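Only one structure is covered here, and it is reproduced in the block below.
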Protein chains: 2
Amino acid sequence: MSNLANVDVAVTPAEKYREFLATKGLRMTRERAIIVDEVFSSHEHFDAEQLIQRLALRKNGRRVSRSTIYRSLALLEEAGLLRKVARQDDREIWEHDYGYPQHDHLICERCGRLIEFHNESISEILDEVARSHGFRMEGHRLEVHGLCDDCSRPPKTRPKKLNLL
Amino acid sequence: MSNLANVDVAVTPAEKYREFLATKGLRMTRERAIIVDEVFSSHEHFDAEQLIQRLALRKNGRRVSRSTIYRSLALLEEAGLLRKVARQDDREIWEHDYGYPQHDHLICERCGRLIEFHNESISEILDEVARSHGFRMEGHRLEVHGLCDDCSRPPKTRPKKLNLL
DNA sequence: ATACTTGCAAATGTTTTGCAACCAA
DNA sequence: TTGGTTGCAAAACATTTGCAAGTAT
């Protein structure tokens, strides 16, 4: 779009959000600022409920309603700042999609842990697959299910909790 | 597990389901038979609602309740007969996971079409990735999002429907 | 001033569940 | 017989939405 490829480099999430909103004729409100701020204050994966909790803990600043948070998550996704990475317990799990390298996840079915990994070849293969189908790829979501190292280990080395009953 | 690799070959989904149920101390009821039958009568992807519709259309045989259908989908998944492949419009999309080669999907965000593709390398890469993380992989779900050939084509070559109003 | 936004409560829509009547083994 | 099963209605839950009051620009 731009003739200056580096125009977006080092732009903070909040700034990028503001730009996005501007192009859509939307406004940077106090609530949206608070949310983008909180969302990018940590790299952890999160779901809507967790974000709601985190925002509730903020001492200063105003309270943000549940509705607004859901509405903002949708906007942040549209802005390319967040992406949904998985679903756990019927909840959508979100993560940063801006300023963070492309990656996929191993999902432990026992403890729910999300382990990130990056693999160049997968992207290349998908490019090729998409091309061969005349498909215009915009992104992908790859969930690898199974058991993480800890959870797949038989409970032998594990310290026994004896006589607890 | 078995020393006869071909022991399961040519076993019908219904039979495999019965075996699974037996090992769990569960029963092959009339309803479960109807459902596994209907589910494997077509290779199309489907969601719970569609299956409910299809079952409602059956002339002969008894009606199966919505609850039982949901309960059965979970069982069929556990039995390795079905797997969830995507989510569309807040609904889980299912497909056969038995007697059907492993594959993934291109998902058109405009028309919702699911295009299957198979790529050997992806499985190999995932095996390797999982191994390097000490992760016991049990399966994966890869959704490639974007626009299918038809939907990404600008509406110029498309036959115009003129004067229809 | 003029839309766009928010918070609230109510609605949505899918999937789950309690329970009494049923039924496969 | 004896549990597992079903259907029904109600519940559960995450997420969405209508609307009046508030607020960026």
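Here the structure is a predicted model, which means the values were calculated and not measured.
When heavy atoms are screened at a 4.0 angstrom cut-off, B/Glu92 is found touching the sugar-phosphate backbone but no base atom.
When the shell of 6.0 Å around CZ of A/Arg83 is examined, it contains more than 12 heavy atoms from other residues, nucleotides or ligands.
Following rounding to the nearest Å, B/Leu73 (CG) and C/dT14 (P) show an atom-to-atom distance of 14 Å. Put simply, CG on B/Asp90 is 14 Å from P on C/dT16, counting in whole angstrom units. B/Arg91 places its CZ atom 17 Å from the C1' atom of D/dC13, with the value rounded to the nearest Å. Summarising the geometry, the separation between CG on A/Asp89 and C1' on D/dC13 is reported as 12 Å, rounded to the nearest angstrom. In this structure, the CG atom of A/Asp47 is 9 Å from the P atom of D/dA14, given to the nearest Å. Atom-to-atom, CG of B/Leu55 to C1' of D/dT6 comes out at 14 Å; the value is rounded to the nearest Å. The interatomic distance linking A/Arg87 (CZ) with C/dT14 (P) rounds to 13 Å, in whole Å. For the pair A/Ile93 CD1 and D/dA14 C1', the interatomic distance rounds to 12 Å; values are reported in whole Å.
Listed candidates were C/dT6, D/dA14, D/dC8. Nearest to the side chain of B/Ser65 is D/dC8.
In this structure, a donor-acceptor pair under 3.5 Å is present between the side chains of A/His118 and A/Glu120. B/Glu138 and A/His145 form no side-chain donor-acceptor contact under 3.5 Å, judged by distance and modelled atom types alone. For the residue pair A/Gln88 / A/His45, no side-chain donor-acceptor distance below 3.5 Å is found, with atom types taken as modelled.
Judged by atom type and distance alone, A/Ser67 reaches the base of D/dT17 through a side-chain donor-acceptor pair under 3.5 Å.
In this model, the phosphate group of D/dT16 is not approached by any side-chain N or O of A/Tyr70 to a distance below 4.0 Å at OP1 or OP2. Within the 4.0 Å cut-off from OP1 or OP2 of D/dA24, not a single side-chain nitrogen or oxygen of A/Arg32 is found. OP1 and OP2 of D/dA14 both lie 4.0 Å or more from every side-chain N or O belonging to A/Arg66.
A distance-only check finds no donor-acceptor pair linking the side chain of A/Arg91 to the backbone of A/Asp47 [under 3.5 Å].
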Could you list the protein-to-nucleotides 19-25 of chain C atom pairs, N/O on both sides, closer than 3.5 Å?
from, atom 1, to, atom 2, distance (Å)
C/dA24, OP1, B/Arg30, NH2, 2.9
C/dA24, N3, B/Arg27, NH1, 3.2

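Ion pairing between B/Arg87 and A/Glu143 fails under the 4.0 Å rule for side-chain N and carboxylate O.
Between B/Phe20 and B/Tyr17, the angle of the ring planes stays under 30°, which puts this pair in the parallel group of the 30/60° scheme.
Map B/Gly25 and B/Val64 each onto its nearest nucleotide of DNA chain D; the residue landing nearer the 5' end is B/Gly25.
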